[in-house]
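Each remark here refers to the structure printed beneath this line.
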Amino acid sequence: MSLPRLDFSTLSYNAAKWSLPGKVLLGCALAGLVLVIGEVSHGGPQRERLHGLEAREQALQQQLTEKTDLAASLELRTRQVRSMEDNLASLLGQLPGESELPAVLEDIARLAAAHGVWVEGITVLDEAPRQLYIEQPMQISASGVYHDLATFVSALGGLPRVVTVQDVALGHQGALLRLNMLAKTYRSTLQNGKARQVLDPGPQFVYEPSSLRDPFTPPALQAPHVPGRPALAPDFTRPRGLLEGMRLDQFEMVGTLSRGAQAFALLRAGARVYRLAVGDYLGPDHGQVTAIQDAAVELVELFPDGQGAWLERPRTLVLNVNS
């Protein structure tokens, strides 16, 4: 069975005879058909293109807003960059143009003596060139009590020369602690002949041990840390004894001995035992025994404060109950 062929001429001839409502319906149907065909062939792609153009317009508007804000803040950013460049130039101006290693070593020795720290050795390592400066690392080994070592490290940061400390390690060494650390000083790579600038370094951290405890000493044996007190200079004309050529941490108290009313302390260093009385000298820092008790020996040491004066500080050797 085949469908009859649509004859437009016959349809148009017959439609001319239709009533007015029929002609209106036919016109509406033909108009709707034309709209559907136009929408399918042209309206959809055009609408998608319009949406894409609108999205691009929004993106361009956002970029325009951002660039407008950036242009408005360009002057402020320029001032900030110039300020950072000036700060960098000022910091580099604090660095010496040539090595000041001898002066740095003198400062380290002075601070160590002023804080009762025994510097066992300083190894100067190879310089490490950087983009704007040169690092001069030094490996430092020192010994002392905890608070003295902490104050010494704190004082290094207050030197007028730029010195940093890192890789700090603490360990027991007899009755004292051994400190190993890497200190670095710096010099500038700019050789422009300009005078070195001096800037206000700002507030510095100062270690204050008066309210702190020594974490390496049991609480029962804690003694208040007494800072150095002004004292008279030692008598350099006095002949130095044998025990003054040995560090204090080489001795350990092994007992006491009494002869009548006089008490003696027995100190061992290596394989030998030495007998000391009140008034005897011990250690390289002019230490003089002031009291002998059953469980401890008290003495007072003298050391320079780095400003031409002398300070005294009490030290204690505790009895080694395992000896």
Side-chain angles (χ1 to χ4, degrees), residues 91-130 133-145 147-170 173 176-191 195-202 204-207 227-234 236 240 244-249 283-287 301-313:
L91 292 175
L92 292 177
Q94 295 183 80
L95 301 180
E98 57 185 16
S99 177
E100 294 187 354
L101 184 59
V104 173
L105 297 179
E106 291 179 2
D107 286 341
I108 294 176
R110 173 180 58 82
L111 290 177
H115 295 93
V117 173
W118 178 271
V119 177
E120 299 178 354
I122 300 178
T123 302
V124 179
L125 305 179
D126 294 337
E127 291 184 344
R130 303 298 184 214
Y133 57 88
I134 297 177
E135 290 181 353
Q136 175 62 75
M138 298 169 288
Q139 189 69 41
I140 301 176
S141 299
S143 59
V145 298
H147 290 307
D148 292 343
L149 292 173
T151 307
F152 168 63
V153 174
S154 173
L156 284 178
L159 289 176
R161 300 170 179 86
V162 180
V163 177
T164 60
V165 175
Q166 55 190 272
D167 299 338
V168 177
L170 281 175
Q173 180 175 304
L176 301 178
L177 294 176
R178 180 183 178 86
L179 168 69
N180 290 308
M181 63 181 178
L182 181 66
K184 293 182 179 180
T185 185
Y186 305 86
R187 64 185 178 91
S188 176
T189 57
L190 303 178
Q191 302 293 338
R196 180 177 171 184
Q197 303 178 26
V198 179
L199 300 180
D200 182 8
Q204 299 176 357
F205 171 77
V206 178
Y207 180 79
R229 296 186 295 266
L232 297 177
F236 291 102
R240 305 275 287 185
E244 293 181 85
M246 305 171 64
R247 300 195 312 271
L248 197 63
D249 62 296
D285 295 320
H286 312 280
E301 293 182 325
L302 299 177
F303 55 92
D305 66 350
Q307 306 297 326
W310 287 82
L311 302 176
E312 68 175 18
R313 179 164 47 201

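- For the pair Q136 (side chain) and A128 (backbone), a donor-acceptor distance under 3.5 Å is absent.
- In this structure, the side chain of T151 engages the main chain of H147 through a donor-acceptor pair within 3.5 Å.
- Smallest separation of non-hydrogen atoms from M246 and P284: O-CD, 3.3 Å.
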Handout entry: Stepwise side-chain contact (heavy atoms from CB on, under 4.5 Å) test for W118 and L248
Key = CA-CA 10 Å; W118 178 271; L248 197 63; over 6 Å; no

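- Residues S143 and L149 share a closest heavy-atom pair of C-CD2, 4.0 Å.
- When all heavy atoms of L156 and V163 are compared, the pair lying nearest together is O-CB, 4.0 Å.
- Closest approach of V117 and A142 over heavy atoms only: CG1-CB, 3.6 Å.
- In this structure, the side-chain contact (heavy atoms from CB on, under 4.5 Å) partners of I122, at least two apart in sequence or on a different chain, are L105, I108, V119, M138, I140.
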Please list, one pair per line, the donor and acceptor atoms closer than 3.5 Å that link side chains of residues 177-185 to other protein atoms, with sequence neighbours excluded.
{"from": "R178", "atom 1": "NH1", "to": "E120", "atom 2": "OE1", "distance (Å)": "2.2"}
{"from": "R178", "atom 1": "NH1", "to": "Q173", "atom 2": "OE1", "distance (Å)": "3.1"}
{"from": "N180", "atom 1": "OD1", "to": "S141", "atom 2": "OG", "distance (Å)": "2.8"}
{"from": "K184", "atom 1": "NZ", "to": "E135", "atom 2": "OE1", "distance (Å)": "3.3"}
{"from": "T185", "atom 1": "OG1", "to": "V162", "atom 2": "O", "distance (Å)": "3.4"}

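- In terms of the side chain to side chain donor-acceptor pair (under 3.5 Å) criterion, E106 has no residue partners (sequence neighbours excluded).
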